J.: 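This structure is in structure tokens; I'll ask about it shortly.
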Amino acid sequence: MEYNFREVEKNWQAYWAKNKTFKVENSSVKPKYYVLDMFPYPSGAGLHVGHPLGYIASDIFARYKRLKGFNVLHPMGYDSFGLPAEQYAIQTGQHPEITTKTNIARYREQLDKIGFSFDWDREVRTSDPAYYKWTQWIFIKLFNSWYNPETNKAENIETLIPKLNGFDKLSEKEQSDLLLEHRLAYLSDTMVNWCPQLGTVLANEEVKDGVSERGGYPVERKLMKQWSLRITAYADRLLNDLEGIDWTESIKEAQRNWIGKSEGTSLKFQVSGSDDIIEVFTTRPDTIFGVSFVTLAPEHELVSKITTPQQKTAVEEYTTFAKNRSERERMADVKKITGVFTGGYVIHPFTGKQIPIWIGDYVLAGYGTGAVMAVPGHDSRDYAFAKHFDLPIIEVVAGGDLSKESYDAKEGKLINSDFLNGLEVKAAVKKAISVIEEKGLGKGKTNFRLRDAIFGRQRYWGEPIPVYYENGIPKVLSETELPLVLPEVDKYLPTETGEPPLARAKDWKYKGVFEYEYSTMPGWAGSSWYFLRYMDAHNDQRFASKDAVNYWQNVDLYIGGAEHSTGHLLYVRFWTKFLYDLGLIPLTEPAKKLINQGMIQGVSSFVYRIGQSNKFVSHGLKNNHETTPLHVDVNIVNNNILDVEKFKEWREEYKNAEFILEDGKYICGSEVEKMSKSKWNVVSPDLMVEQYGADALRLYEMFLGPLELSKPWNTNGISGVSNFMRKLWRLYHNGDAINISDEKATKAELKALHKTIKKITYDIENFSFNTSVSNFMICVNELTELKCNKKDILEPLAIIIAPYAPHIAEELWNKLGNKESITYATFPEVNEEYLVESAFNYPVSFNGKTRFFQEYDLSLSKEDIEKEVLNHEQTQKFLEGKTPKKVIVVHNKIVNIVL
RNA sequence: GCCCAGUUGGCGGAAUCGGUAGACGCGCUGGUCUCAAACACCAGUAGGAAACUGUGCCGGUUCGACUCCGGCACUGGGUACCA
């Protein structure tokens, strides 16, 4: 009887569900281990084979840790607020909650088929009021907190008030405005990324190349009153704490760049003939004598004041132009240099010379002071600007050729620079700062590229922000009034007056009187703390009990996509630090170790239609015709060979299709692309499970290559692991019957097993899941060769394979006479004794090139081996009569003869 | 431009500390079984007739380099007028 995976897998999945095999308690005599996946957004398209890749890896690790005697928390849930359900609602009128529920049910069904060991009793959904009650609760905590630079942590806003002079004398409105400047969740007029098509603002992270990440709609800059979170207060800690966590260097580097710490100095320039001061920020104070103009951002507050009457028209034209230029245009032609002279001048603080003030949109209002001292000799942007407008270029650091390009390198000696002459750049920077500080012209300063995170979205399907307005003053709800439940609306669009959809809610007022905030929270709010909720998912008194958080602590292993590196992964670190500051949790980082699984790309197949006909030519012959490549469903193509009958059935229009074949087959072209419905290259895990079984899918996804690598999905290879499963099954059977012997295992059998235990242990601990699958294959091949059916070998083998292929492992374990699930068996220890070799087959090489092999006993000394090798007849042949210069014998490795 | 990762047979990939390059699998070729096919099983499979040559390219260190060092090219990802 062949292995019947359909029946076996169904039975064990039912067993696990019925017995709650993977339910975990918040206490145990065992050590704890927390394995977390980035939870999915349940989209309507369902899972494709790329999605489970990370889940399979984490599941293997979780199952391994259980076998190793750990109390393992391995939960799953849904990031269920978000745009697609809302867009669907706008189009169909279907409530997003209904869509979301349907999609979650479908996801659950797909996940269950793959045999994951999640503790479903801890499932969370961010759109569930019992969950978002606590998201709102954290928002209130953020609103009620400020960042104390002296203690370097967040504190209750009450500790700030005594520090504010004359606070008591202010009106309520003034007090509120002043405090908003310090609160960690605050309302302010902010330049936002406004997306008219989506009708909402977007965070910087949600804008890619000037268009929205979701949908690809144009985004423009707009000044709006907006809720933001003061993540910048945590910039330094977010940067420094990266040192202590085991995340990939690329993610850490991406976060470092995103935070963008740059150390420099501020410097004041007196405006000529006025009391006004223009303050600039520079990282190169050493180049102060190279300043030949100053550039302001078009939005700079002094622009209109400085502009002379003669330049007024030109400047106004330019600022209007700059304002109307969308972010996208600005990015699209970065190389296009635009700017205008204001007519005004500043006085150089050291030389006293008049320096012209220009406006240019290469200077950003939001960074530094919105003004730069332009040093065209040593900054490529200033150089381009100076060249374009024919402004002077002064060389102050020797080493470049300024006729060709600016010399930006931070090395060389200072010239033309008065008191800095002759110094190396590094020393000159120090000296310049000290002189600038001495003269009171400015001081050393650190700038961050990181911006505060805009927190409001003018959308429906998100957490309501728990705020109401009393006389225009924003006030938060009290904690006992939570959750503030998302109200029903008649439509999911903004109102006619442009207010967010929540303004449509009937009779939705705080205490029946005060207007609520109509924005909702962004998609990343719920995911910024979900790892804590899993620890105690049903607690209605606290986001998670103190005991639960103290017990589970950090996530030990977090697996998810690298696309979250500067979004979710930064926010979740921010919220963790904030909750730590308030003493609510004992950890400063969410996850100790992070692994990014690669993307699984699709391999699209193409057929080649001749002209407008219904005739298709095989790939190899297509150059003889005028053809159009058309995507064809990859599920009717096998090894690039098109199933022509299925193709005819695929679509009505191809019913009478004709083919020009090569060697009797229709060969398709192929290309690696993103896996997507429109490209007909989506392979669903359901189909794979149906055809090959969950275990085969799990093994194959791991076998495909290193977890972190992106790779194209190719169904062809799955037959290899499928064959392996059959071989494994046969090892335990003789015909239909289980066939296990109680005889003592032989040396060779023990060696095959223990070699595998050793390798698998090493592989799992190093997340090298692809090589484990190879090692299982080798092991089963060897044991098959040895005709091994000993219980002493096959029982431990079932255990080590269980994390990878849990269904077949359970079945075999059960057939071996065990009554309990294999889940809590004990992972076998490697016994090195079985691996000891007595001899080694030495490769004998000449000048590093292997020529022949000779086995020598390992007890032989180097000298003995050298003697033996030199006397070997093959050696004599390769020596060609010469005397070797040197013979190198590396014990248990190699013999090398140098000629 | 800057940062990160990568480049090994027809394909996915392996080589854990500088020591047999190509494990394992797919595909392909030949064979056994079969009326035939599928499945299964067996053998072969980096290139080359061979000498030899081969881990993106050029150079270096070493008895010995896919692995270390210097330079370059290409691919993928991130990021960008950040002063």
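Quick caveat, the model's predicted, so the values are computed rather than measured. We name chains A, B, ... by the order of the sequence lines, and we start the count at 1 in each one.
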J.: Where the side chain of A:K711 is defined as all heavy atoms beyond and including C-beta, which of B:C63, B:A40, B:G13 is the nearest nucleotide?
T.: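 From the listed options, B:G13 comes nearest.
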
J.: Base, sugar-phosphate or nothing for A:R726? Non-hydrogen atoms, less than 4.0 Å.
T.: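 Sugar-phosphate, no base atom in range.
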
J.: Please state the C1' separation for the pair B:C24 and B:C57 - nearest whole angstrom.
T.: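 It works out to 30 Å between them.
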
J.: I need the CZ-P distance between A:F703 and B:A23, as an integer number of Å.
T.: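 Taking atom P of B:A23 as the reference, CZ of A:F703 is at 11 Å.
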
J.: Between A:F281 and A:Y762, who's closer to the 5' end of RNA chain B by nearest nucleotide?
T.: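 Going by which nucleotide is closer to the 5' end, it is A:Y762.
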
J.: Counting only side-chain nitrogens and oxygens, does A:R449 get under 4.0 Å of the OP1 or OP2 atom of B:A80?
T.: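 For A:R449, the contact criterion (side-chain N or O under 4.0 Å from OP1 or OP2 of B:A80) is met.
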
J.: Which nucleotide, in any strand shown, forms a Watson-Crick or G-U wobble pair with B:A40, with both distances under 3.5 Å?
T.: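 Here B:A40 is engaged in a pair, and the nucleotide opposite it is B:U32.
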
J.: Return the nearest nucleotide to the side chain of A:K759; candidates are B:A23, B:U16, B:A14.
T.: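 Nearest nucleotide to the side chain: B:U16.
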
J.: Does A:N723 have a side-chain nitrogen or oxygen under 4.0 Å from the phosphate oxygens OP1 or OP2 of B:A40?
T.: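 Yes.
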
J.: For this output row, return yes or no: ring centroids of A:F293 and A:F385 closer than 6.0 angstrom.
T.: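 Aromatic pair counts; centres sit under 6.0 Å.
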
J.: Phosphate oxygens OP1/OP2 of B:G25: is one of them under 4.0 Å from a side-chain N or O of A:N781?
T.: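 Result: yes.
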
J.: Of the nucleotides B:U20, B:G13, B:A40, which one has an atom closest to the side chain of A:I894?
T.: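 Of the candidates, B:U20 comes closest.
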
J.: With a 6.0 Å cut-off on the ring centroids, do A:F840 and A:H891 count as close?
T.: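 They do not qualify: ring centres at least 6.0 Å apart.
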
J.: Taking only the C1' atom of each, what is the distance from B:C52 to B:C2 in whole angstrom?
T.: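 The same atom, C1', in both gives a distance of 45 Å.
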
J.: So what's B:C72 paired with, Watson-Crick or G-U wobble, going by both distances under 3.5 Å?
T.: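 Paired with B:C72, as far as the under-3.5 Å criterion goes, is B:G56.
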
J.: So, OP1 or OP2 of B:A83: does either fall under 4.0 Å of a side-chain N or O from A:S380?
T.: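 Negative; the distance criterion is not met.
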
J.: Students often get this wrong, so: under 4.0 angstrom with heavy atoms, is A:L704 touching a base, only sugar-phosphate, or nothing?
T.: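 Sugar-phosphate, no base atom in range.
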
J.: Using the C1' atom as the point on both nucleotides, what is the distance between B:C35 and B:G25, in whole Å?
T.: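 Each nucleotide's C1' atom is 34 Å from the other's.
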
J.: Looking at A:S845, I'd like to know whether one of its side-chain N or O atoms comes within less than 4.0 Å of OP1 or OP2 on B:C63.
T.: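 Looking at the OP1 and OP2 atoms of B:C63, neither is under 4.0 Å from any side-chain N or O of A:S845.
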
J.: Do A:D379 and A:S406 have side-chain N/O donor and acceptor atoms under 3.5 Å apart?
T.: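 Side chains of A:D379 and A:S406: no pair found under 3.5 Å.
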
J.: Considering only side-chain heavy atoms of A:K727, which listed nucleotide, B:G25, B:A21, B:A83, is closest?
T.: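 Per side-chain heavy atoms of A:K727, the pick is B:G25.
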
J.: Would you mind reading off the distance between A:D763 atom CG and B:C24 atom P, rounded to a whole angstrom?
T.: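 Answer to the nearest Å: 15 Å.
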
J.: Could you identify the nucleotide paired to B:C2, looking across every strand shown and requiring Watson-Crick or G-U wobble geometry with both distances under 3.5 Å?
T.: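 Looking at the geometry, B:C2 pairs with B:G78.
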
J.: Can you tell which of B:U79, B:G19, B:C4 lies closest to the side chain of A:E253?
T.: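 Shortest atom-to-atom distance from the side chain points to B:C4.
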
J.: Would you indicate whether A:K758, at its atom NZ, is surrounded by more than 12 heavy atoms from other residues, nucleotides or ligands within a distance under 6.0 Å?
T.: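 No, the 6.0 Å shell around NZ holds no more than 12 heavy atoms from other groups.
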
J.: Hey, does A:S250 reach any base, or is it just sugar-phosphate, or nothing, if we go heavy atoms under 4.0 Å?
T.: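 If one applies the 4.0 Å heavy-atom cut-off, A:S250 turns out to touch the sugar-phosphate alone, with no base involved.
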
J.: Is the phosphate of B:A83 approached by A:Y367 (side-chain N or O, under 4.0 Å from OP1 or OP2)?
T.: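 Answer is yes, contact under 4.0 Å.
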
J.: Go through it in stages, so that I can follow the logic: the residues are A:M688 and A:E701, the test is side-chain contact (heavy atoms from CB on, under 4.5 Å), and I'd like the CA-CA distance, side-chain angles, deciding distance and then a yes or no.
T.: CA-CA 11 Å; A:M688 293 296 110; A:E701 292 227 2; over 6 Å; no

J.: Taking the side chain of A:P706 as heavy atoms from C-beta outward, which of B:G25, B:A21, B:G13 is closest to it?
T.: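 Output: B:G13.
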
J.: Nearest of B:C3, B:C81, B:C26 to any side-chain atom of A:N716?
T.: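 Closest of the options to the side chain of A:N716: B:C26.
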
J.: Out of curiosity, A:E263 CD to A:N447 CG, how far, rounded to the nearest 0.5 Å?
T.: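 CG of A:N447 is found 10.5 Å from CD of A:E263.
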
J.: So what does A:Y842 hit on the nucleic acid, given a heavy-atom distance under 4.0 Å: a base, only sugar-phosphate, or nothing?
T.: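 Touches nothing.
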
J.: Taking the same atom, C1', in B:G13 and in B:G22, what whole-Å distance lies between them?
T.: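 That atom pair is separated by 10 Å.
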
